[in-house]
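Scroll down for the structure; my scribbles are underneath it.
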Amino acid sequence: MKIKTMFESLDVAFSMYSAIPMPQVMWNEQNMKYMLGFFPLIGLVQAALLIGWVYLAQALSVGTVLFAAVAALIPLFVTGGIHLDGFCDTVDALASHQTREKKLEILKDPHTGAFAVMGCMAYLLLTFALWTQPQGEFCLLAAKEMAVGYVFSRAMSAAAVVTFPCAKNSGLAHSFSSAAQKDRVRIISILFALVCAVCFMLIHPVLGAAILAGCLMVFWYYHHMAMKQFGGVTGDLAGWFLQVNEIVILIVSVVYSLIA
């Protein structure tokens with residue numbers, strides 16, 4: 001991969017999946033091939049902001065409520081809510097209990113349904129509540145595991161997009177999957193995931209193992225649900241997976257902090 005193509009692919013990934021201002025580049029066949037391979041790097045930005053916020057909050061003795069609110073909102077600040085939007089659309093579609101074709105239509109519908117609103121509120125409220133629980137060293141432990149999880153979730157999501165069949169012949173997931181150099185993106189994503197798996201274990205072996213087990217179960221369910229309910233993956237389903245995987249990591253971390 002040429003240096004220019006590498007930087008353009010990085011630019012495209014951040015332009016698509018984050019709210020971080022990036023130089024404008026023309027999307028083309030070459031930089032689209034490897035864009036998904038750079039997707040996990042957006043997680044590093046979230047990771048840096050979260051860890052930085054933990055240390056700053058502890059240094060300033062920030063209250064639990066304010067700390068939890070900012071921690072819960074950091075992902076939205078970085079991504080602009082693109083993955084949460086996919087989560088909400090998927091909740092709407094699943095709650096409809098309609099045919100596969102109707103569910104796919106709901107995913108495309110720009111209108112926000114009642115179940116999407118309830119799902120979004122429940123997700124953010126639960127995230128906020130979870131961040132109020134770990135204190136002291138357990139808060140830093142949870143933040144470190146969550147920081148790794150931001151990268152891990154994106155690596156697994158990218159691997160799924162280039163591996164699982166697409167539910168339809170249009171949309172972002174299909175476009176990115178079709179344009180991607182699938183073998184190389186799959187290898188890059190798996191390498192990211194393996195490095196993250198090692199990091200989970202190095203931070204805390206017991207908690208890391210529990211997190212990995214939880215993430216693998218989410219990934220298995222993601223494939224099962226996507227194939228059964230939609231006939232494959234879409235961009236919205238990829239967002240659903242990322243959000244669910246991240247909150248499972250947080251849940252496991254908080255539960256460990258409560259029982260340790």
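In this text the structure is predicted, and so the values were computed from the model without any measurement.
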Non-neighbouring partners of F219 that pass ring-ring contact (aromatic ring centres under 6.0 Å, His included), sequence neighbours left out: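 Here the qualifying residues are F164, F241.
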Atom CZ of F128: over 12 foreign heavy atoms under 6.0 Å: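 Yes, the 6.0 Å shell around CZ holds more than 12 heavy atoms from other groups.
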Y17 and F39 aromatic ring geometry - parallel, tilted or perpendicular at 30°/60° bounds: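 If you compare the ring of F39 with that of Y17, the planes turn out tilted.
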Parallel, tilted or perpendicular: rings of H224 and Y221 (30°, 60°):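 Y221 and H224: tilted rings.
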Would you check if [X] and [Y] make a side-chain contact, meaning some heavy-atom pair closer than 4.5 Å?
X    : Y    : answer
V65  : T132 : no
M121 : V117 : yes
V91  : M118 : no
M22  : M16  : no
F152 : N245 : yes
L141 : Y256 : yes
D109 : E105 : no
C215 : V248 : no

Give, for atom [atom1] of [X] and atom [atom2] of [Y], the distance between the pair rounded to the nearest 0.5 Å.
X    : Y    : atom1 : atom2 : result
Q46  : R154 : CD    : CZ    : 4.0 Å
E8   : S15  : CD    : OG    : 11.0 Å
T79  : I74  : OG1   : CD1   : 11.5 Å
F138 : S253 : CZ    : OG    : 11.5 Å
D89  : L84  : CG    : CG    : 10.0 Å
Q133 : L258 : CD    : CG    : 5.5 Å

Can you name the closest pair of heavy atoms from [X] and [Y] and give their distance?
X    : Y    : value
A13  : I42  : O-CD1, 3.5 Å
C139 : P134 : CB-O, 3.5 Å
L242 : S153 : CG-CB, 4.1 Å
L107 : D236 : O-OD2, 3.2 Å
D92  : G113 : OD2-N, 2.8 Å

So, the side chain of [X] versus the backbone of [Y]: is there a donor-acceptor pair under 3.5 Å, distance only?
X    : Y    : result
K103 : L94  : no
R186 : V162 : yes
W53  : F67  : yes
S257 : V254 : yes
S189 : V185 : yes

V195 vs C199, side chain to side chain contact (heavy atoms under 4.5 Å, CB included): CA-CA, chis, key distance, verdict: CA-CA 6 Å; V195 170; C199 290; 4.3 Å; yes
Are [X] and [Y] joined in one hydrophobic group, where the rule is that I, L, V, M, F, W and Y side chains link up if heavy atoms are under 4.5 Å apart?
X    : Y    : value
L66  : V54  : yes
I20  : L49  : yes
Y55  : V45  : yes
L216 : M201 : no

Side chain to side chain contact (heavy atoms under 4.5 Å, CB included) between V218 and M156, worked out: CA-CA 11 Å; V218 172; M156 297 295 284; over 6 Å; no
Side chain to side chain contact (heavy atoms under 4.5 Å, CB included) assessment of E246 paired with T127: CA-CA 10 Å; E246 288 182 356; T127 303; over 6 Å; no
From Y222, Y123, F115, residue fulfilling ring-ring contact (aromatic ring centres under 6.0 Å, His included) relative to F87: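 Among Y222, Y123, F115, the one that satisfies the ring-ring contact (aromatic ring centres under 6.0 Å, His included) with F87 is Y123.
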Verdict with supporting geometry, V62 and V70, side chain to side chain contact (heavy atoms under 4.5 Å, CB included): CA-CA 11 Å; V62 170; V70 174; over 6 Å; no
Carboxylate-amine/guanidinium proximity below 4.0 Å for E137 and K144: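 No, E137 and K144 are not salt-bridged.
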